[in-house]
Number of protein chains: 2
Amino acid sequence: MDELVPRDFETLRATILDRRETLPKRIAQIAAYALDNPDDIAFGTAASIAASAGVQPSTLIRFAQQLGFDGFTSLQQVFRERLRERNSSYDERLQALRAKADAGAGHRAIFDGFVAAASTSLNDISRTLDEAHLEDAIALLAKADTIYVLAKRRSYPVASYIAYALGKLKIRNQLIESAAGLNAEMVAFATPADAVIAISFSPYAPATIEEARIISEQGVPIVAITDSSFSPLAQFAKVWFEVAEADFAGFRSLSATMALAMALTVGVGEKRRSAGKKRKA
Amino acid sequence: MDELVPRDFETLRATILDRRETLPKRIAQIAAYALDNPDDIAFGTAASIAASAGVQPSTLIRFAQQLGFDGFTSLQQVFRERLRERNSSYDERLQALRAKADAGAGHRAIFDGFVAAASTSLNDISRTLDEAHLEDAIALLAKADTIYVLAKRRSYPVASYIAYALGKLKIRNQLIESAAGLNAEMVAFATPADAVIAISFSPYAPATIEEARIISEQGVPIVAITDSSFSPLAQFAKVWFEVAEADFAGFRSLSATMALAMALTVGVGEKRRSAGKKRKA
DNA sequence: GGGAATATGAAATAATAATTCCAATCCATA
DNA sequence: TATGGATTGGAATTATTATTTCATATTCCC
């Protein structure tokens with residue numbers, strides 16, 4: 001043995017590419033197949049992989065041995081490890097990144113942390129979103145005259161994006177902003193024929209809660225996006241979604257909330273378009 | 001057989017959680033282990049998994065059979081398929097989802113589309129972000145008296161989040177909003193001792209470009225987040241980032257931009273904190 | 001073109017892993 | 001507390017899969 005055995009996928013890949021020219025035909029064939037279909041190597045049996053690649057199982061083993069492994073099985077470990085890595089819970093990565101950032105490991109670590117927090121949140125909501133709630137919420141919003149959008153502080157960016165998207169889709173909407181202190185008046189215009197999208201996470205902005213309470217007492221149905229069933233928003237809402245956003249460096253991600261918000265918005269647009277002919281006539 | 005066999009991981013997971021209460025002790029033990037360590041199930045052998053979970057291999061097989069599989073092997077397929085899925089390029093998934101949404105496959109497909117678009121964008125920026133630019137941008141912003149934040153329309157939510165985060169971090173900042181039409185005056189206050197974060201994507205909001213031009217002519221350094229080197233913002237900027245956001249149903253994701261924006265913001269906070277003693281004294 | 005070294009195919013063999021079976025144990029119920 | 005049914009442990013069996021072997025083919029020098 002004149003060499004170290006590649007223990008991780010990237011090294012292995014580099015080694016293979018490096019020797020590509022010098023490999024015998026069939027071995028090169030399996031080498032190419034391995035780089036093109038790493039998942040198959042990870043999961044398949046020697047026989048099945050060999051068949052897919054159009055070689056004999058023994059060739060596959062020779063390939064592994066040529067790379068310094070003692071057999072196909074240990075080569076396969078590297079491919080499996082790769083999947084594990086790639087897949088290793090974002091939560092763990094996030095944990096590691098938080099530690100790294102705390103230790104002052106540069107700004108790239110901070111950036112990676114935010115990316116990981118966003119990814120975690122997206123994974124999470126993807127798993128937990130209740131489809132029936134989504135349908136209910138869209139149905140409710142689609143028949144509203146005006147959609148009011150209510151969110152402050154940290155959640156405000158989501159509200160402003162919803163308002164932008166609704167505008168683009170030509171859906172009448174009103175963002176309840178606090179700039180001029182006219183919120184109470186704005187809220188007073190809402191009727192049961194309208195609807196509200198309200199967004200708030202712990203610690204809940206008091207103004208959001210208060211306005212949600214008032215508006216629900218006027219009989220206006222509310223779709224809420226919040227973070228737990230104990231949220232005061234949940235009790236005012238006709239339909240509510242629980243969204244758990246991962247946080248990093250003290251700032252929670254908005255990615256999951258954004259995705260849900262956009263799905264609601266575009267969903268409403270779709271629903272109106274397909275139901276439009278009847279009503280608008 | 002009184003039931004359908006779960007063919008995908010999510011269904012399987014739901015089935016397991018559903019029956020958790022009614023399962024015999026050892027079976028419940030392996031069930032919990034399976035949900036906690038899905039990767040181990042995907043790659044391990046019946047014997048190794050059983051050992052890790054503290055049960056007999058036969059129990060593992062009974063577990064599988066109880067769920068309707070005909071053995072451990074077919075149960076394992078589901079866990080392997082999950083890894084394959086998770087790992088299969090988000091781009092391909094996005095493609096499929098777009099088609100599905102176009103075909104009117106319900107609102108869940110729309111939601112999945114936005115999640116996939118966000119994930120794709122995050123993956124992408126994670127790969128392509130230039131670390132040196134990040135350092136430069138943070139250095140530039142950290143020494144600014146006031147950070148001006150400039151973005152309209154689609155990018156406005158990002159700007160508002162930046163402003164919120166800067167405020168939280170006690171960093172003086174000014175969001176250039178258009179509400180009262182006083183932008184020109186606001187912009188006129190900026191000096192070369194300040195800095196700007198400007199965000200704009202094609203089709204570039206004319207107001208953003210115009211204000212960026214004016215402010216750069218006043219000698220105020222600009223950090224830009226935009227989508228190509230041809231962007232008019234890029235030419236006014238001292239440092240600029242290229243961010244490619246995937247789009248779905250006509251709306252581009254903001255997740256990558258958000259992650260970058262947060263990294264800049266928190267990065268500036270960090271830098272100020274570590275340099276603070278010198279300057280503030 | 002001849003011959004040695006190398007590469008390949010196919011089947012035999014060895015290893016490993018899944019499954020089955022049965023005795024022992026646990027648990028609920030009368 | 002006895003009894004039947006369900007559950008569990010552990011070894012025996014069966015199936016599957018990796019590896020080895022050897023005969024055959026190919027390639028590369030001289």
Side-chain angles (χ1 to χ4, degrees), chain A residues 1-3 5-6 12 15-16 19-34 37-81 83, chain B residues 1-3 5-6 12 15-16 19-34 37-81 83:
Chain A
M1 294 300 120
D2 58 337
E3 72 216 315
V5 182
L12 177 59
T15 310
I16 292 173
R19 302 210 200 146
R20 201 195 335 224
E21 300 302 323
T22 78
L23 292 173
K25 192 165 60 158
R26 290 272 116 111
I27 308 260
Q29 189 175 330
I30 194 79
Y33 182 86
N37 309 68
D39 289 9
D40 289 352
I41 307 282
F43 291 121
T45 67
S48 71
I49 296 164
S52 306
V55 301
Q56 291 289 326
S58 44
T59 305
L60 182 46
I61 285 155
R62 286 179 196 124
F63 168 60
Q65 289 171 340
Q66 199 146 129
L67 290 166
F69 298 97
D70 51 45
F72 164 69
T73 308
S74 31
L75 169 71
Q76 193 177 40
Q77 293 312 324
V78 175
F79 283 79
R80 293 187 164 182
E81 205 44 54
L83 280 190
Chain B
M1 294 297 123
D2 59 337
E3 70 214 320
V5 183
L12 177 58
T15 309
I16 292 173
R19 304 212 199 145
R20 199 193 339 222
E21 300 303 321
T22 78
L23 292 173
K25 192 167 57 158
R26 289 273 116 109
I27 309 260
Q29 189 175 328
I30 193 80
Y33 182 85
N37 310 67
D39 288 10
D40 288 353
I41 306 282
F43 291 124
T45 67
S48 71
I49 296 165
S52 306
V55 301
Q56 290 291 326
S58 43
T59 305
L60 182 47
I61 285 156
R62 288 179 195 122
F63 169 60
Q65 287 170 342
Q66 222 167 102
L67 290 166
F69 297 95
D70 49 47
F72 165 70
T73 308
S74 29
L75 169 72
Q76 191 176 42
Q77 291 314 323
V78 175
F79 283 79
R80 291 186 165 184
E81 203 46 53
L83 282 189

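Proteins get letters first, then strands, A, B, ... in listed order; numbering begins at 1 in each. All figures in this text were calculated on a predicted structure; none of them were measured in a lab.
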J.: Expressed in angstrom and rounded to an integer, what is the separation of A/Ile49 atom CD1 from D/dA18 atom C1'?
T.: 11 Å
J.: Once ring-ring contact (aromatic ring centres under 6.0 Å, His included) is applied, do any residues pair with B/Phe69, and if so which ones, sequence neighbours excluded?
T.: none
J.: Among all residues two or more places apart in sequence or in another chain, which pass the ring-ring contact (aromatic ring centres under 6.0 Å, His included) test with A/Tyr33?
T.: none
J.: When every nucleotide of nucleotides 6-22 of chain C is labelled 5' to 3' by its protein contacts under 4.0 Å (heavy atoms), B for base, S for sugar-phosphate only, - for none, what sequence of letters results?
T.: -SBBB------SSBBB-
J.: Got a sec, which residues hit salt bridge (Lys or Arg N to Asp or Glu O under 4.0 Å) with A/Asp40, two or more places apart in sequence or on another chain?
T.: B/Arg84
J.: Could you check how far CZ of A/Phe63 sits from P of D/dA18, rounded to whole Å?
T.: 15 Å
J.: Listed by chain and number, what are the side chain to side chain contact (heavy atoms under 4.5 Å, CB included) partners of A/Thr45, not counting sequence neighbours?
T.: A/Ala47, A/Ser48
J.: Which residue pairs pass the ring pair (Phe, Tyr, Trp, His ring centres under 6.0 Å) test with at least one member in residues 39-68 of chain A, sequence neighbours excluded?
T.: A/Phe43-B/Phe43
